[in-house]
Engineer: 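Following this message is one structure expressed as structure tokens.
These numbers were taken from a predicted model, which means no experiment stands behind them. Sequence positions, counted from 1, serve as the residue numbers for this chain.
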Amino acid sequence: MRGPLPGDETLAARWGRRALTIPGYLAMTVALWTLLPIVLPAALLVDALRRRPFPIARLVLFLAFYLGCESLGLVAAGTAWLASGSWAGAAPERYARWNHRLQGLWARLLLWGVRRIYDVELEVSGAGAIGRGPLLVFCRHASVGDTILPAVLISAQHDVRLRYVIKRELLWDPCLDVVGQRVPNVFVRRDSADSERELDAVRRLAEHLADDEGVLIFPEGTRFSPAKRERVLARLERAHDPGLVARARQLHHVLPPRLGGPLALLEASPEADVLFLAHVGFEGTASFRQLWRGALIGRRIRVAFWRAPATEIPRGREERVAWLYNQWSRLDAWIEAHRAETLPSAA
């Protein structure tokens, strides 16, 4: 199944973007890999002089690895398009499954690279809660790195085909653009002037889910930071909802969930269980500068799952809001209990 055009995007806009990103990424891959024999020793020398655990060299290696994954992914996407006969309209369901598997393989490769290059440990608990669907997956968002966890831990390891609600800006990643629009995903405009149209697209994404399918959303809407938390609290105060503000102020490690997307999914798929994905360990690794300084080196990433059966999810809007905040409070408490365990033992 070929994904719809996101929002009001035209074919001309889609291919205009790809005319920049695909050649651009391929050119950056060739350039960096060609210069790697020069750049990497220089980075190692700088790190040695600074007596650091090679943060600059690791960053150079990871950028080369990431660009290599992007280029291989684009080649694989083109090969799948040719081999499947999709260009002739053949076997759309098989083509969709191929692209789901390609998406999972790409994510697994990236996670493997992160773990090897940055000496990252990964510990997972509660994976038995994943099981069969239909599922709605509500995931914490703290870093770019956490976006690949569901594709690996849920899709690749449990063969659950996830549909994603993700921000429109990620279309500038060519692999996500090409493969992500061959399968049902929604690339939303955050803070859109036409929020109802965005919510309608989210609702349609959750309709008619099979038992091997699910929809994933990051209810916070953006990566957590203390500054963003203060801005969200200020926005809630302007909305004049004292009860919601009081509950939001009790959350210290996550942003208060945006209600539009999660409630739209619950409305569209009332028979689906909700799977929560909590994680800790990516804090302070969201920016290029933090990676340059080696913030990710030696981290222990802890992940936990728990599942809320559809029969236990309230039906009324106010009750669902209270239920969602209760679950987010549980996530916040879990982070508080485990965040000290994620720092490198040699720190």
Engineer: Within the 3.5 Å criterion, strictly below it, is a donor on R299 or Y118 matched to an acceptor on the partner's side chain?
Structural biologist: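 On atom types as modelled, these side chains do not qualify, holding no pair under 3.5 Å.
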
Engineer: Can a donor-acceptor pair be found, under 3.5 Å and without considering hydrogens, that links the side chain of D273 to the backbone of A310?
Structural biologist: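 Confirmed, D273 side chain pairs with A310 backbone.
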
Engineer: Between the main-chain N or O of L72 and the side-chain N or O of W106, is there a donor-acceptor pair closer than 3.5 Å?
Structural biologist: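 Checked: no pair found.
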
Engineer: Write down the atom of P55, the atom of I297, and the distance for their closest heavy-atom approach.
Structural biologist: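 Taking P55 first and I297 second, the nearest heavy atoms are CA-CD1, 3.9 Å.
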
Engineer: Flag the pair I217 / P262 as yes when at least one side-chain heavy-atom distance between them is below 4.5 Å, and no otherwise.
Structural biologist: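 The answer is yes; the side chains approach within 4.5 Å.
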
Engineer: Just one of L265, L275, L216, L277 clears the side-chain contact (heavy atoms from CB on, under 4.5 Å) bar with F138, so which one?
Structural biologist: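 Going through the options one by one, the only one that passes is L265.
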
Engineer: Testing the basics here: between L153 and H158, what is the closest heavy-atom pair and its distance to 0.1 Å?
Structural biologist: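 What the structure gives for the nearest pair is O-CD2, 3.1 Å.
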
Engineer: Which pairs count as side-chain hydrogen bond (donor to acceptor under 3.5 Å, both in side chains) when at least one residue sits in residues 25-54, sequence neighbours excluded?
Structural biologist: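 For residues 25-54: T29-S71.
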
Engineer: Output the distance between atom CG (L110) and atom SG (C175), rounded to the nearest 0.5 Å.
Structural biologist: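 Interatomic distance, L110 CG to C175 SG, rounded to 0.5 Å: 8.5 Å.
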
Engineer: Test of understanding: with salt bridge (Lys or Arg N to Asp or Glu O under 4.0 Å), list the residues that count as partners of E207, not counting sequence neighbours.
Structural biologist: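 Scan of E207 (salt bridge (Lys or Arg N to Asp or Glu O under 4.0 Å), adjacent residues dropped) gives none.
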
Engineer: To the nearest 0.5 Å, what is the distance between CD on E70 and CG on L26?
Structural biologist: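 Reported to 0.5 Å precision, the distance equals 9.5 Å.
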
Engineer: Do R247 and N326 have side chains that get closer than 4.5 Å, going by heavy atoms?
Structural biologist: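 With C-beta onward as the side chain, the pair touches.
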
Engineer: Kindly indicate whether the side chain of V280, heavy atoms from C-beta on, has any atom under 4.5 Å from the side chain of W334.
Structural biologist: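 V280 reaches W334 side chain to side chain.
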
Engineer: Answer yes when R203 and E267 have at least one side-chain N-carboxylate O distance shorter than 4.0 Å, and no when they do not.
Structural biologist: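 Yes, charged N to carboxylate O under 4.0 Å.
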
Engineer: Step by step, would you call L11 with W15 a side-chain contact (heavy atoms from CB on, under 4.5 Å)?
Structural biologist: CA-CA 6 Å; L11 279 172; W15 286 103; 4.2 Å; yes

Engineer: Side-chain donor-acceptor contacts of residues 124-132 below 3.5 Å, not counting sequence neighbours, with atom names and distances?
Structural biologist:
unit_1	atom_1	unit_2	atom_2	d
S125	OG	V303	O	3.4

Engineer: Any ring pair (Phe, Tyr, Trp, His ring centres under 6.0 Å) involving residues 290-313? Give me the pairs, sequence neighbours left out, ordered by first then second residue.
Structural biologist: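 Applying ring pair (Phe, Tyr, Trp, His ring centres under 6.0 Å) to every pair that reaches into residues 290-313, excluding sequence neighbours, yields F276-W306.
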
Engineer: As a quick check of understanding, evaluate side chain to side chain donor-acceptor pair (under 3.5 Å) for H252 and E336, giving each step before the final call.
Structural biologist: CA-CA 9 Å; H252 301 287; E336 174 63 29; over 6 Å; no

Engineer: Test of understanding: with salt bridge (Lys or Arg N to Asp or Glu O under 4.0 Å), list the residues that count as partners of R108, not counting sequence neighbours.
Structural biologist: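 Scan of R108 (salt bridge (Lys or Arg N to Asp or Glu O under 4.0 Å), adjacent residues dropped) gives none.
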
Engineer: Just by distance, no angles: are the side chains of S329 and Q327 close enough, under 3.5 Å, to form a donor-acceptor pair?
Structural biologist: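 Note: S329 and Q327 side chains miss the donor-acceptor criterion.
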
Engineer: May I ask you to list the residues sharing a hydrophobic cluster with L49, side-chain cutoff 4.5 Å, ordered by chain and number?
Structural biologist: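 When side chains under 4.5 Å apart are linked, the cluster holding L49 also contains L45.
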
Engineer: Other hydrophobic cluster members with L20, side-chain heavy atoms of Ile/Leu/Val/Met/Phe/Trp/Tyr under 4.5 Å, chained?
Structural biologist: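 Grouped by the 4.5 Å side-chain rule, W172 form the rest of the cluster around L20.
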
Engineer: Could you tell me which residues satisfy ring-ring contact (aromatic ring centres under 6.0 Å, His included) with H279, sequence neighbours excluded, listed by chain and number?
Structural biologist: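 Testing H279 for ring-ring contact (aromatic ring centres under 6.0 Å, His included), a comparison that skips the adjacent residues, returns F282.
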
Engineer: Using the rule side-chain contact (heavy atoms from CB on, under 4.5 Å), only one of V179, T79, I22 pairs with L74; which is it?
Structural biologist: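 Only one of V179, T79, I22 forms a side-chain contact (heavy atoms from CB on, under 4.5 Å) with L74, namely I22.
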
Engineer: For a 4.5 angstrom cut-off between non-hydrogen side-chain atoms, does I166 reach V186?
Structural biologist: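 The answer is no, as the side chains (C-beta and beyond) never meet within the 4.5 Å cut-off.
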
Engineer: Looking at side-chain heavy atoms only, is the closest gap between V188 and R168 below 4.5 Å?
Structural biologist: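 Side chain of V188 against side chain of R168, heavy atoms only: no contact under 4.5 Å found.
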
Engineer: Counting only N and O atoms by type, is there a donor-acceptor contact under 3.5 Å from the side chain of R163 to the main-chain atoms of L205?
Structural biologist: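 Yes.
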
Engineer: Does any N or O in the side chain of D146 come within less than 3.5 Å of the main-chain N or O of S143, such that one atom is a donor and the other an acceptor?
Structural biologist: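 It does hold such a pair.
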
Engineer: Would you list the pairs meeting salt bridge (charged side-chain N to carboxylate O under 4.0 Å, His left out) in which at least one residue belongs to residues 280-293, sequence neighbours left out?
Structural biologist: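 Qualifying pairs: R140-E283.
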
Engineer: Would you say the side chain of E121 lies within less than 4.5 Å of the side chain of E123, judging by non-hydrogen atoms?
Structural biologist: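 Side-chain contact under 4.5 Å: yes.
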
Engineer: Restricting to salt bridge (Lys or Arg N to Asp or Glu O under 4.0 Å), what partner residues turn up for D159, sequence neighbours left out?
Structural biologist: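 Partners of D159 by the salt bridge (Lys or Arg N to Asp or Glu O under 4.0 Å) criterion come out as none, since no residue qualifies.
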
Engineer: Look up atom CG in L176 and atom CG in N185, then write down how far apart they are to the nearest 0.5 Å.
Structural biologist: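 One gets 9.0 Å once the value is rounded to the nearest 0.5 Å.
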
Engineer: For D212 versus R97, what's the shortest heavy-atom pair and its separation?
Structural biologist: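 Minimum heavy-atom contact is OD2-NH2, 3.3 Å.
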
Engineer: Just so I know, are the side chains of Y164 and Q103 near enough to count as touching, which here means a heavy-atom distance under 4.5 Å?
Structural biologist: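 Of all side-chain heavy-atom pairs linking Q103 with Y164, at least one is under 4.5 Å.
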
Engineer: Output, in order, the C-alpha distance, side-chain angles, deciding distance and verdict of salt bridge (charged side-chain N to carboxylate O under 4.0 Å, His left out) for E237 and R249.
Structural biologist: CA-CA 11 Å; E237 288 175 348; R249 285 200 174 277; 2.6 Å; yes

Engineer: With no hydrogens and no angle check, is any side-chain donor or acceptor of D211 less than 3.5 Å from a backbone partner on P134?
Structural biologist: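 Answer holds: no.
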
Engineer: Please report the shortest heavy-atom distance between L263 and V321, naming the atom on each side.
Structural biologist: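 It is CD1-CG2, 4.0 Å.
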
Engineer: Taking salt bridge (Lys or Arg N to Asp or Glu O under 4.0 Å) as the test, write out the residues that go with R18, two or more places apart.
Structural biologist: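 Scan of R18 (salt bridge (Lys or Arg N to Asp or Glu O under 4.0 Å), adjacent residues dropped) gives D177.
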
Engineer: Measure the spacing between CG of D119 and CZ of R300 and express it to the nearest 0.5 Å.
Structural biologist: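 Here the rounded value is 12.5 Å.
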
Engineer: Measure the CG-CG distance between L209 and L136 for me, rounded to the nearest 0.5 Å.
Structural biologist: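 Interatomic distance, L209 CG to L136 CG, rounded to 0.5 Å: 7.0 Å.
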
Engineer: Mind running side-chain contact (heavy atoms from CB on, under 4.5 Å) on F62 and L291 for me, showing each step along the way?
Structural biologist: CA-CA 10 Å; F62 181 73; L291 293 176; 5.7 Å; no

Engineer: What's the shortest heavy-atom distance between V160 and G214, and which atoms?
Structural biologist: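 Nearest pair, atom of V160 first, then G214: CG1-N, 4.2 Å.
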
Engineer: Please tell me if the side chains of Q157 and V152 come closer than 4.5 Å, counting only heavy atoms from C-beta onward.
Structural biologist: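 When only atoms from C-beta onward are counted, V152 and Q157 do touch, with a gap below 4.5 Å.
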
Engineer: Could you walk me through whether E312 and W323 pass side-chain contact (heavy atoms from CB on, under 4.5 Å), step by step?
Structural biologist: CA-CA 10 Å; E312 297 180 5; W323 171 84; 6.0 Å; no

Engineer: For residues 218-231, pull every pair meeting salt bridge (charged side-chain N to carboxylate O under 4.0 Å, His left out), keeping only residues two or more places apart or in separate chains.
Structural biologist: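 Of all non-adjacent pairs touching residues 218-231, none passes salt bridge (charged side-chain N to carboxylate O under 4.0 Å, His left out).
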
Engineer: Where is the tightest heavy-atom contact between Y325 and L236, given as atom of each residue plus distance?
Structural biologist: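 What the structure gives for the nearest pair is OH-CD1, 4.3 Å.
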
